[in-house]
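Read the structure below first, then the notes.
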Amino acid sequence: MEAGYKGTNKLITGIVFGVLTFWLFAQAMVNIVPAVQKDLGISLGTLNVGISLTALFSGMFIVAAGGFADKIGRKKITYLGLILSIIGSLCLVLATGSVLLIIGRVIQGLSGACIMPATIALMKEYFEGAERQRALSYWSIGSWGGSGVCSFAGGAIATYMGWKWIFIFSIIFALLAMWLIKDTPESKAEQSGAFKFDFTGLAIFAISMLALNLVITRGKDFGWTSPLSLGLAALTLIGLLVFIKVERKKEHALIDFSLFKNMPYTGATISNFLLNAIAGTLVVANTYVQVGRGFTSFQSGMLSIGYLVAVLAMIRVGEKILQKVGAKAPMIWGTIITTVGVGIMGLTFLPGLAYTVGVFIGFALFGLGLGIYATPSTDTAVSNAPSNKVGEASGLYKMASSLGGSFGVAISAAVYGAIEATGNINAAAAGGIITNVVFGILSLLSIMMMVPGSAGSKGTKRSSPTPTPITE
């Protein structure tokens, strides 16, 4: 780190563009399922695998990338992520079938794994106190707000320009991000001794997560009780048990379980996982209104405009509430409002106009709740992380986001597909969306039980919040 350097608005803008490029390729896919399926001639099951792969690979490698960012350099890893974003987007632009689609989505997942923890670590390194909270609010606008921007923009671009143009814009945003952060000095954690990476732990974790994802996304095709499905489920369970046992004994483990001895950090991370799982709502609702109600991709995107406006408007409000009353209250109310919004979208028995209005209101509440939740949750995680492990702790927090989104999409799509096979598309959509209401309720319970009222960095007068100590 360059002595005396303080973060600038140019750095914030570059980071927001970098985060947006992730959402352009991650979130826009949920609104263009019918268009991609028709253009590439692939099955819905294969496409659902492709959609979930980006979040899955991001989640699997994000902790490792966060650790690399601490040791090698946070700016270097951010740049690596942006380069991978460009390569992955090019794969989708050139795709004519499922092969390049799958390869591109995997590379994009690795890109997100690099970008997310490294940019959060840069925010903590170069901003302090209220300025850090402001910077994290803009980071959240790029992340949580980006999901709304990209769902809306993706629908409009797919309808009027073709869905591949989404990924051309993603490349442009990545290039702009690289230009904007080029003058930022490198930042890395102070360390002693040689850097060792836990390749064994990463391999066990990756295999376990891939097996679980295949069970969820392809279980219906394989047969839920088939030897293949049962074998994959057993591989997941055994792999996770071995991973936990092996990692607890390692000095240089992939996941430092001592981070979870801090209850505010644990509560923020678990609730983040569950609230991101609600992303499955976006896939189910957007697919249903297009297939079941005859909407175009653009019309479907217009339904989510309330989500976009609300989440962008409320993120800074969530920051101000955090500074006044701490993190717990806005996290609780944000989760409640989001869950209610999702529940309204599940009322598929409503007739045409009534359901359309309900979906619009539901999306608006969805965005309103996430906007209130975002900054308090992120600040709780970051402010409770030791400075020498902020990349790793941020990686774990964002792993929760990515894996939550991946499994939320996979589980919701599986429920939707299983019920749709009976011929009742209204019930299929309702079932897929109600699944996400359950995720919201569980997220609320995790906040209430684990996050104390004093979590986060309340107040703006302190120049640097004092983190709750984590036993190392």
Side-chain angles (χ1 to χ4, degrees), residues 27 30-31 144-145 147-148 151-152 270-293 295 300-311 313-314 318 329-374 377 401 404-420 424-449:
Q27 196 65 28
V30 307
N31 200 26
W144 296 86
S147 64
S151 178
F152 169 72
I270 292 175
S271 68
N272 186 40
F273 172 87
L274 290 163
L275 211 58
N276 272 275
I278 288 181
T281 301
L282 299 173
V283 175
V284 174
N286 278 304
T287 302
Y288 170 66
V289 296
Q290 291 177 56
V291 177
R293 302 273 177 155
F295 283 53
S300 172
M302 286 298 293
L303 282 178
S304 64
I305 192 73
Y307 170 94
L308 169 60
V309 172
V311 77
M314 295 308 295
M331 287 173 71
I332 286 176
W333 281 106
T335 302
I336 290 172
I337 293 168
T338 294
T339 305
V340 170
V342 170
I344 292 173
M345 286 188 272
L347 304 178
T348 57
F349 59 83
L350 293 173
L353 179 60
Y355 183 70
T356 301
V357 172
V359 171
F360 185 86
I361 293 172
F363 268 121
L365 291 174
F366 193 164
L368 184 72
L370 287 183
I372 294 172
Y373 170 91
S377 176
S401 302
S406 175
F407 291 124
V409 167
I411 292 168
S412 300
V415 172
Y416 176 85
I419 301 175
E420 186 190 27
N424 190 338
I425 192 170
N426 289 346
I433 291 172
I434 288 170
T435 301
N436 294 280
V437 173
V438 175
F439 293 145
I441 293 170
L442 292 175
S443 178
L444 177 63
L445 291 174
S446 69
I447 297 167
M448 294 174 69
M449 292 188 292

Step by step, would you call Phe366 with Val342 a side chain to side chain contact (heavy atoms under 4.5 Å, CB included)? CA-CA 6 Å; Phe366 193 164; Val342 170; 4.2 Å; yes
Applying side chain to side chain contact (heavy atoms under 4.5 Å, CB included), run through Tyr416 and Ile425 and close with a yes or a no. CA-CA 8 Å; Tyr416 176 85; Ile425 192 170; 3.6 Å; yes
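Taking all atoms of both residues into account, the shortest heavy-atom contact from Ala310 to Ala364 is CB-O, 3.4 Å. Closest of all the heavy-atom pairs between Gly280 and Ser412 is CA-OG, 3.5 Å. Shown here for Ile270 and Ser446, the closest heavy-atom pair between the two residues is CG2-CB, 3.8 Å. Considering every non-hydrogen atom in both Gly432 and Val415, the closest pair reads N-CG1, 3.8 Å. Listed here is the closest heavy atom pair of Thr335 and Thr339: O-OG1, 2.8 Å. Heavy-atom minimum distance, Ala429 versus Val284: O-CG1, 3.7 Å.
Phe439 meets the ring pair (Phe, Tyr, Trp, His ring centres under 6.0 Å) test with no other residue; sequence neighbours excluded.
The distance from the CG atom of Leu275 to the CG atom of Asn436 is 10.5 Å, given to the nearest 0.5 Å. Distance CD1/Ile447 to CG/Asn272: 9.5 Å, rounded to 0.5 Å. For the atom pair CD1 of Ile433 and CD1 of Ile344, the computed distance is 11.5 Å after rounding to the nearest 0.5 Å. Taking CD1 of Ile337 as the reference point, atom CG of Leu368 lies at 4.5 Å (rounded to 0.5 Å). With rounding to the nearest 0.5 angstrom, the CG atom of Leu303 is 11.0 Å from the CZ atom of Arg293. Once rounded to the nearest 0.5 Å, the distance linking CG of Asn286 with OG1 of Thr281 reads 10.5 Å.
Under 3.5 Å, the side chains of Tyr373 and Ser443 contain no donor-acceptor pair of N or O atoms.
When atom types are taken as modelled, the side chain of Tyr355 and the backbone of Met345 share a donor-acceptor pair closer than 3.5 angstrom.
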